[in-house]
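As the structure lists them, so they are numbered: ligands from 1, and atoms in each ligand from 1. Numbers for residues simply follow the sequence, beginning at 1.
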Amino acid sequence: MLQISYRVSHFFGVVVILSISSVVIYWKSHQIRFTYSSIANPTRQQKTGIPIKACPKKSPYLVGPFVFHHFIGTLEDLNNKYEKYRPELGGKFKPLECQPRQKLAIIIPYRDRRRHLIDFLSHMPPMLLRQQVEFTIFVIEQDSPEIFNRALMMNVGYLEALKQDDYSCFIFHDVDMYPINDYNIYQCSTSPTHMAVAVEKWKFGIPYRAYYGGVVAYPKTVIEKTNGFSNLYFGWGGEDDDLGSRLAVVGLKFVRPPAVYGRYATPVHSKDKGNPEAPNRFRLLNDAKRRIWYDGLNSVVYNVSKIEKKKIYTHIHIAVDRQKLEESVELKKREP
Ligand code: BGN
């Protein structure tokens with residue numbers, strides 16, 4: 001990455017100084033410095049183990065808009081591609097040149113989307129590294145045969161990620177949405193943030209004003225306030241609208257990045273045959289504001305069937321017993 005800086009100098013002659021990582025030109029009273037630094041190469045400070053300075057508020061590596069490319073290759077190819085960034089097992093990536101400000105867990109509710117997952121894993125890390133973010137991608141896969149429950153997988157992802165490390169920021173992410181602007185920063189502010197505001201499949205817009213799906217960022221404190229998310233939406237639709245209702249109950253509003261930044265590419269695919277519409281979503285949504293206190297993190301029930309700490313991400317397999325879960329929510333409701 002080439003950086004150019006300028007300052008006024010007290011030296012009035014003409015001199016060029018060359019070193020391995022920079023060229024400094026003194027010309028009359030001007031000093032122009034060209035510095036080359038590679039994100040991939042650890043600094044001397046890091047090699048020596050001396051604490052490194054906090055990352056700047058704005059990363060110097062941001063390039064602005066960039067393009068989504070479908071990745072032709074395997075997970076093994078990606079493991080090799082990212083080896084130079086030295087992720088810890090389970091896929092924890094850290095900027096090598098500075099101390100990041102937040103620990104980010106990206107939670108992907110997942111079932112049966114291998115191709116999209118490979119594209120996601122190919123697309124995301126380079127952008128997040130340019131943003132100088134510390135992050136881990138958690139893929140939360142719901143086992144067959146129960147109907148898919150996206151918001152439940154978000155609750156599970158939150159709880160399971162916290163068992164691995166003290167993450168302060170959580171981004172809940174559809175596997176088939178790919179950000180295409182570096183300035184859409186993957187960090188949490190104090191407010192929850194709806195990040196997917198210019199989505200390709202809706203002509204780089206959103207389907208309705210209150211849409212709150214696709215990609216949302218939550219600081220840990222807000223998830224605690226809303227009791228996480230609803231456990232009851234089995235099937236497609238409504239669970240993201242439910243998240244929005246919860247925020248209103250605890251007196252919070254979500255924010256959005258400007259549409260030029262919150263842009264997402266989306267691959268074309270037909271509606272999931274394996275994920276039928278949730279027939280009770282209208283009834284659930286009507287009642288969303290009342291359920292927040294007993295339907296969420298405090299009543300969730302699930303079993304972890306497998307945790308796979310892969311080289312570049314963590315894959316957690318979850319078994320769901322719908323009856324047990326619904327009973328648990330009901331029990332919580334009746335608690336005095
Ligand atoms: C909406 C769905 C959302 C979905 C968007 C975009 C519902 C609830 C109806 C009362 N909401 O219609 O969940 O993200 O479409 O596809 O179905």
Side-chain angles (χ1 to χ4, degrees), residues 68 106-113 116-117 119-120 139-140 142 146-158 170-180 184 192-218 222-223 226-249 252-257 259 262-292 295-296 300 320 322 325-326 329:
F68 165 71
I106 297 183
I107 310 288
I108 305 180
Y110 178 84
R111 174 182 274 178
D112 221 7
R113 292 281 197 91
H116 291 159
L117 179 58
D119 277 339
F120 190 87
V139 173
I140 313 296
Q142 186 182 324
E146 193 47 84
I147 297 171
F148 189 61
N149 185 329
R150 178 172 175 267
L152 170 63
M153 292 304 110
M154 289 161 62
N155 277 338
V156 173
Y158 168 77
F170 294 80
I171 297 191
F172 301 93
H173 214 300
D174 277 357
V175 71
D176 57 355
M177 286 208 182
Y178 309 106
I180 48 175
N184 187 10
T193 307
H194 179 230
M195 302 177 78
V197 294
V199 182
E200 186 180 8
K201 67 178 161 185
W202 294 304
K203 302 198 173 87
F204 287 101
I206 47 176
Y208 48 95
R209 241 172 84 95
Y211 173 66
Y212 191 46
V215 186
V216 289
Y218 275 72
V222 172
I223 304 178
T226 62
N227 190 19
F229 313 108
S230 171
N231 296 309
L232 300 180
Y233 289 82
F234 285 87
W236 181 90
E239 86 295 340
D240 44 2
D241 304 303
D242 191 294
L243 309 192
S245 307
R246 281 180 181 234
L247 291 181
V249 178
L252 289 173
K253 282 195 173 129
F254 65 79
V255 294
R256 287 180 170 142
R263 287 173 76 81
Y264 284 80
T266 48
V268 183
H269 69 90
S270 47
K271 227 173 179 180
D272 280 347
K273 287 190 205 83
N275 193 20
E277 287 183 7
N280 58 350
R281 66 191 193 283
F282 301 96
R283 185 177 56 72
L284 283 171
L285 205 50
N286 257 330
D287 186 34
K289 291 187 175 164
R290 270 191 297 278
R291 275 185 296 100
I292 169 171
D295 168 20
V300 69
V320 176
R322 180 170 180 172
L325 180 64
E326 288 174 343
V329 173

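Heavy atoms of Y212 found under 4.0 angstrom from ligand 1: none, in either backbone or side chain.
With respect to atom 12 (O) of ligand 1, the closest heavy atom belonging to the protein is W236 CH2, 4.2 Å. Atom 6 (C) of ligand 1 has its closest protein heavy atom at W202 CZ2, 3.8 Å. Of all protein heavy atoms, the one closest to atom 1 (C) of ligand 1 is Y208 OH, 3.5 Å.
Paired with H194 under the rule ring pair (Phe, Tyr, Trp, His ring centres under 6.0 Å), one option of Y264, Y218, F172, Y212 passes, and it is Y212.
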For M177 and K201, run side chain to side chain contact (heavy atoms under 4.5 Å, CB included): C-alpha distance rounded to whole Å, both residues' side-chain angles, the deciding distance at 0.1 Å, then the answer. CA-CA 10 Å; M177 286 208 182; K201 67 178 161 185; 4.2 Å; yes
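Electrostatic pairing of R281 and D241 does not count as a salt bridge here, judged by no charged N lying under 4.0 Å from a carboxylate O.
By the 6.0 Å and 45° rule, R246 does not stack over the aromatic ring of F229.
Residue contacts with ligand 1: Y233 is excluded, as none of its non-hydrogen atoms falls under 4.0 Å. Every heavy atom of G213 sits 4.0 Å or more from the atoms of ligand 1.
Looking at N184 and V197, their side chains never come closer than 4.5 Å, going by heavy atoms from C-beta outward. Side-chain contact between M154 and L243 is present, with heavy atoms from C-beta onward closer than 4.5 Å.
Not less than 6.0 angstrom separates the ring centroid of H116 from the ring centroid of Y110.
Between the CG atom of L285 and the OH atom of Y233 there is a distance of 4.5 Å, given to the nearest 0.5 Å.
Listed by atom number, the atoms of ligand 1 under 4.0 Å from D241 heavy atoms are 2 (C), 3 (C), 7 (C), 8 (C), 11 (N), 13 (O). Close contacts of ligand 1 with D240, meaning ligand atoms under 4.0 Å from a residue heavy atom, involve 3 (C), 4 (C), 13 (O), 14 (O). Interface of Y211 with ligand 1, defined as ligand atoms under 4.0 Å from a residue heavy atom, comprises 14 (O).
By the 3.5 Å distance cut-off applied to N or O atoms, F282 is not counted among the residues near ligand 1. The shortest N/O to N/O separation between R281 and ligand 1 falls below 3.5 Å.
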